[in-house]
Each structure stands twice: as C-alpha cells, then as structure tokens.
Protein chains: 2
Amino acid sequence: MDIDETTRVNLLYNFYHSLLTTKQSRYMDLYYVEDFSLSEIAEQLQVSRQAVLDNLHRSVNLLESFEKELGLIDKTQEIDDISEKLDHLVQTKYADDKELLDLVQRISKINEM
Amino acid sequence: MDIDETTRVNLLYNFYHSLLTTKQSRYMDLYYVEDFSLSEIAEQLQVSRQAVLDNLHRSVNLLESFEKELGLIDKTQEIDDISEKLDHLVQTKYADDKELLDLVQRISKINEM
C-alpha cells in the first residue's frame with residue numbers, strides 16, 4: 001500500500017469510521033491507526049492473514065461507497081478552500097465590514113460542526 | 001406521526017437513504033414516500049403490521065444515528081443560511097468585486113455537490 005492510498009484511507013476512516021461496525025473498526029484501527037502488520041493482527045485476533053486482508057478490503061470498499069454517496073471529503077475541501085480565499089480577500093479589502101467578517105468567520109467553522 | 005416528525009424523517013431519509021439496506025429502503029419508501037398505511041404495507045409484503053412498524057422504527061433510529069455522527073442536516077442549513085446572507089450583502093455593497101462574487105457563488109453550490 002503506497003503513501004497516497006494510506007492517506008486516502010485515513011481520510012475516509014476519519015470521516016466515516018462511525019458508520020462501521022465494531023468488528024470492522026477494530027481491524028481498521030489495528031492496521032491503519034496502530035500500524036500493526038497483517039500477520040501481527042492475524043495472530044492477535046486468531047484468524048488467518050487472508051481473513052484480515054479480506055476484512056480490511058471490505059471495510060475500505062464500504063468507506064469508499066460512503067464517500068461516493070455523501071461526498072464529505074470533497075465538500076470539506078471545497079469549504080476549506082473557499083474559507084481561506086474569502087478570509088484573505090476580506091481581511092485585505094473589507095476589514096472594517098463587521099457583518100461580512102462575521103459571515104466569513106461562520107464559514108470557517110462549518111467543518112468543525 | 002405528526003407533521004413535524006414526518007418532515008424530520010423525510011429530511012433524514014433524503015440525506016441518508018443510500019446508507020440503508022434495500023429492505024430498509026423498501027419499507028421507508030412505501031410508508032414515507034408512497035404514503036401507504038401500515039396495514040397496506042403489511043398486506044403487500046406478507047408480514048404483520050407490527051413487523052412493518054418495528055422495521056420502520058429501526059430505520060428511523062438508524063437515520064437519526066447517521067445524523068448524530070455526520071450532522072449533514074445542520075451543516076446544510078448553516079451553509080444555506082450563510083450563503084443567503086452573504087449573497088444579499090455582496091449584491092448590495094460589493095457587486096463590482098468579481099473575485100468576491102465568484103467565491104459567494106461557489107458557496108451557494110456546496111450543497112449541490
């Protein structure tokens with residue numbers, strides 16, 4: 001698994017982990033968060049290495065299907081990008097407009113909701 | 001079920017229906033979209049009226065748990081509210097600032113992503 005794929009899965013897991021079952025989360029946690037190897041997880045959970053791999057593949061596919069349906073990663077990145085550009089523009093040109101500043105401030109907090 | 005609860009469930013269903021199973025979606029569709037009665041659905045699917053009710057309750061609870069975890073309804077409403085206020089402010093005071101207008105336009109499209 002290359003760096004880009006790991007980053008992608010971490011991002012997906014960060015957004016949608018709450019939609020996985022306890023069992024699915026456990027495998028994902030051990031591999032992607034705790035960084036154990038497939039063999040170490042297999043030994044720890046007393047299953048085959050292939051079972052660990054199958055379980056992880058199913059969970060990653062599930063996470064990708066959540067993103068396909070809900071698109072939270074794309075939306076979050078779009079909000080971050082707009083927020084940054086608006087903040088710069090407003091601070092530069094309209095820093096005395098409190099109403100505008102308040103709205104820009106609210107945009108910067110959407111992704112924390 | 002009162003109007004407010006129906007509106008709430010419709011909103012939840014609109015956001016998260018893709019996360020339900022085919023069976024769960026079928027019951028929800030018949031009751032909340034097609035507007036059949038519990039007895040009519042029971043007859044159509046050859047199950048008891050209570051089974052229909054239990055199924056619907058479980059699905060509604062599941063939809064509420066998705067909203068609790070992901071908060072898409074709140075976020076969408078916040079984006080709509082900010083977008084409307086920003087649009088009004090910018091059209092009134094800064095209608096000649098193309099860069100600002102473009103960013104405000106992008107905000108208005110986030111919820112369609």
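A, B, ... follow the sequence lines: proteins, then strands. Residue 1 opens every chain.
Contact tally against chain B (heavy-atom pairs below 4.5 Å) for H17(A), K109(A), E69(A), E78(A): the top residue is E78(A). The candidate from D81(A), L72(A), I110(A), V90(A) with the greatest count of non-hydrogen atom pairs under 4.5 Å with chain B is I110(A). With chain B as partner, the option from I107(A), D74(A), N111(A) having the largest number of non-hydrogen pairs under 4.5 angstrom is I107(A).
Atom CZ of R106(B) and atom CD1 of I79(A) lie 11.0 Å apart (nearest 0.5 Å). How far CG of L100(B) is from CG of L100(A): 6.5 Å, rounded to the nearest 0.5 Å.
Here the closest non-hydrogen pair linking I82(B) and L103(A) is CG2-O, 4.1 Å. K75(B) and M113(A) make their closest contact through CE-O, 3.4 Å (heavy atoms, listed as atom of the first residue, atom of the second, distance). Pairing each heavy atom of F15(B) with each of L70(A), the nearest pair is O-CD2, 3.6 Å.
Within 6.0 Å of the CD atom in Q91(A), the count of heavy atoms belonging to other residues, nucleotides or ligands exceeds 12. Few gaps surround CD on E64(A); more than 12 heavy atoms of other groups in view lie less than 6.0 Å from it. Residue-environment remark: CD (E99(B)) stays at or below the threshold of 12 foreign heavy atoms within 6.0 Å. Within a 6.0 Å sphere centred on CD of Q44(B), heavy atoms belonging to other residues, nucleotides or ligands number more than 12.
With a 4.5 angstrom heavy-atom cutoff, K68(B) does not touch chain A via any of its atoms.
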